[in-house]
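Working notes, structure below.
Here the structure is a predicted model, which is why all the values come from computation and not from measurement.
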Amino acid sequence: MNAITQKKIQSFVTQNAIYIVLVVLIAGIAIYDTNFLSITTLRDILLQSSTRAIIALGAAFVLITGGTDLSAGRVVGLTAVISASLLQDPNYPRRFFPDLPDLPLLVPILIAIAAGLLVGLINGIIVSRFSVPPFIATLGMMVIVYGVNSIYFDMEPNQSQPIGGLRQDFGQLGTGFIGPSGPYSIPYIVIIAIVVSILVWVVFNKTRLGKNMYAIGGNIQAATVSGINVGLNLIIIYAIAGGLYGLGGVLEAARTGGATNNYGNMYELDAIAACVVGGVSTSGGIGTVPGVLAGVLIFGVINYGLTFIGVNPYWQLIIKGLIIVAAVAFDIRKYLAKK
């Protein structure tokens, strides 16, 4: 093998490492159990990964700017509780709001997403206007949001009881599908995730906000000198991220048929891990929508596939941790090589 061919192979592997890992992972599990390669399995993985993909795309906005968002999981929990509390069946005996009239489906969903957007907006203001490091700002917000959600969840007459009895139209959003019943049906939640992914791709690649986002993450001083309003862009980016977490929370409540104040716990770590594994640089300025989705699918395959073949859940955590560390190490090595 000559040097040019070897260099081409190395370049191909480097640029497509995430997709190679995904294929190898699926192939490895399929070799162990051929039943894994079925339409039903693929559908289940996509269904479970859809909300995670939306949340991870929200986290990607922040990570590409060179920041981080630890409040994502708690925002998911808050918006899941808000949407579930406003969309219970009128005949359910333990309604969160006993006298609440039937609201149009879209109204509570928009209220919940707006709550997530508001949290993101506050995060952006704290980071941009008060120069608080994103790690600290969002860590504090994570605690605050959980406290607010817990107070709301503990209101009379609910008193911290799991919220159930959701309306059928809301439940259909998370469990309904297009097409014939069975493995060839396409769940609504997967369609929503695809639409969101396309919209985020457009923002990343075809809008001024996307270009500014990459510029801020690449070199914030250079972005400032070039005339980019860094503060305003960061506020918008964190707000969009919060809105996506809110949508993820709504869909998670619809998919599972209920909500508690502990929903979304540790989702932020899964989202950040999926982004990093999917090629979003921890230093900022680098990241793609297909990469993030591939990262989400890798963890979806790990969670579903290793359970499918009976691997101990604790071993699953070890494998996920090793993948995350390897991805970050690879990212840092590439960063240092460029310098």
Side-chain angles (χ1 to χ4, degrees), residues 12-13 16-57 76 80 171-198 248 251-258 263-267 269-279 288-327 330:
F12 176 82
V13 171
N16 299 280
I18 182 66
Y19 308 108
I20 294 171
V21 169
L22 182 57
V23 171
V24 169
L25 190 60
I26 292 172
I29 297 172
I31 289 171
Y32 189 90
D33 188 339
T34 55
N35 291 324
F36 184 72
L37 291 179
S38 68
I39 298 297
T40 300
T41 299
L42 175 62
R43 184 184 186 277
D44 289 344
I45 291 174
L46 290 176
L47 184 63
Q48 293 180 13
S49 300
S50 293
T51 54
R52 302 297 182 116
I54 293 170
I55 297 163
L57 289 170
V76 169
Q172 277 290 106
L173 190 65
T175 60
F177 53 84
I178 293 175
S181 180
Y184 293 98
S185 62
I186 305 174
Y188 293 144
I189 200 169
V190 173
I191 296 172
I192 294 170
I194 291 172
V195 171
V196 170
S197 299
I198 293 171
L251 294 177
E252 195 69 359
R255 184 179 70 86
T256 59
Y263 262 42
N265 186 32
M266 304 296 283
Y267 276 32
L269 299 185
D270 285 347
I272 293 170
C275 288
V276 172
V277 169
T288 66
V289 170
V292 172
L293 297 179
V296 172
L297 284 176
I298 280 180
F299 285 110
V301 170
I302 290 173
N303 291 334
Y304 189 96
L306 297 185
T307 301
F308 187 87
I309 61 176
V311 175
N312 188 304
Y314 300 125
W315 277 107
Q316 295 179 33
L317 293 175
I318 293 172
I319 293 170
K320 287 170 67 175
L322 289 173
I323 291 174
I324 293 167
V325 172
F330 185 68

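- In plain terms, the two heavy atoms of Leu47 and Gly174 that are nearest each other are CD1-O, 4.2 Å.
- Between Gln316 and Ile302, the shortest heavy-atom contact is OE1-O, 4.0 Å.
- With sequence neighbours left out, the salt bridge (charged side-chain N to carboxylate O under 4.0 Å, His left out) criterion links Arg255 to Glu252.
- Between the CD1 atom in Ile318 and the CH2 atom in Trp315 there is a gap of 5.0 Å [rounded to 0.5 Å].
- Remark: Asp270 CG to Asn303 CG distance equals 7.0 Å, nearest 0.5 Å.
- Neither side chain, Thr51 nor Tyr267, offers a donor N or O lying under 3.5 Å from an acceptor on the other.
- Every pair passing side chain to side chain donor-acceptor pair (under 3.5 Å) that includes a residue from residues 26-41 is listed here, sequence neighbours excluded: Asp33-Asn35, Ser38-Thr41.
- Legend: residues meeting side-chain hydrogen bond (donor to acceptor under 3.5 Å, both in side chains) with Gln172, ordered by chain and number and at least two apart, are absent.
- Distance alone, capped at 3.5 Å, places no donor-acceptor pair between the Tyr304 side chain and the Leu46 backbone.
- Leu173 is listed as a side-chain neighbour of Leu251, based on a closest heavy-atom distance under 4.5 Å.
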Could you go through residues 289-301 and list every donor-acceptor pair under 3.5 Å that involves a side-chain atom there, pairing it with any protein atom two or more places apart or in another chain?
none

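- With sequence neighbours excluded, the residues satisfying ring pair (Phe, Tyr, Trp, His ring centres under 6.0 Å) with Phe36 are Phe308.
- The shortest heavy-atom contact between Tyr263 and Ala80 is CD2-CB, 4.0 Å.
- Within the structure, every pair that satisfies the side chain to side chain donor-acceptor pair (under 3.5 Å) test and touches residues 179-193, not counting sequence neighbours, is listed here: Arg43-Ser185.
- Remark: Ser50 OG to Ile45 CD1 distance equals 11.5 Å, nearest 0.5 Å.
- The two residues Leu37 and Ile26 come nearest to each other via the heavy atoms CD2-CG2, 3.8 Å.
- Residues Ser197 and Leu57 share a closest heavy-atom pair of OG-CD1, 3.6 Å.
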